[in-house]
Amino acid sequence: HEDQVVLKVCGRLTDGWVGELEQCWRDARAAHPRSQISVDLRGVTFIDQAGEGLLHLMHRDGASFLADGLMIREVVSQVTGGSK
């Protein structure tokens, strides 16, 4: 779809990789301002606090997430307000 941009993330979303994803996200927003941003986290094995913070920002900006695995789905649920 032209109206959707997918950012595929693999491995651990920690430390320097958080900044890398943030830069990719900001570049995608600038290049495709009217597109929905979807973040594919199905290849992610761990998300640290900084990674969660970035996902919160992305969610507030309208990004959606694809998640797999119990821990990653729980993080996404917390980020998106899916669990109390």
Heavy-atom nearest pair, His56 first then Gln78, reads CE1-O, 3.9 Å
Search all heavy atoms of Met71 against all heavy atoms of Ile47 and return the closest pair with its distance.
CE-N, 3.9 Å
Any side-chain heavy-atom pair of Leu55 and Leu41 under 4.5 Å:
yes
Side-chain heavy atoms nearer than 4.5 Å, only ILVMFWY residues, links allowed to pass through others: does that put Val39 and Trp17 together?
no
Just by modelled atom types, is the Ser35 backbone N or O under 3.5 Å from a matching donor or acceptor in the Arg29 side chain?
yes
Any chain of hydrophobic side-chain contacts (each under 4.5 Å) joining Leu57 to Leu66?
no
CG (Leu7) and CE (Met58) are apart, to the nearest 0.5 Å, by 5.5 Å
Roughly how far, to the nearest 0.5 Å, is CD1 of Ile37 from NE2 of His32?
7.5 Å
Which distance, rounded to the nearest 0.5 Å, do you find between the NE2 of His59 and the CZ of Phe65?
7.0 Å
More than 12 heavy atoms from other groups under 6.0 Å of CH2 on Trp25:
yes
Given Val75, Ile72, Leu21, the one that forms side-chain contact (heavy atoms from CB on, under 4.5 Å) with Leu13:
Leu21
Output for pair (Asp3 CG, Gln36 CD), nearest 0.5 Å, gives 8.5 Å
Here the pair of heavy atoms bringing Glu22 nearest to Leu54 is N-CD2, 3.6 Å
Determine whether Arg12 and Val44 make a side-chain contact, defined as any pair of heavy atoms from C-beta on separated by less than 4.5 Å.
no
Would you call Asp40-Lys8 a salt bridge at under 4.0 Å N-O?
yes
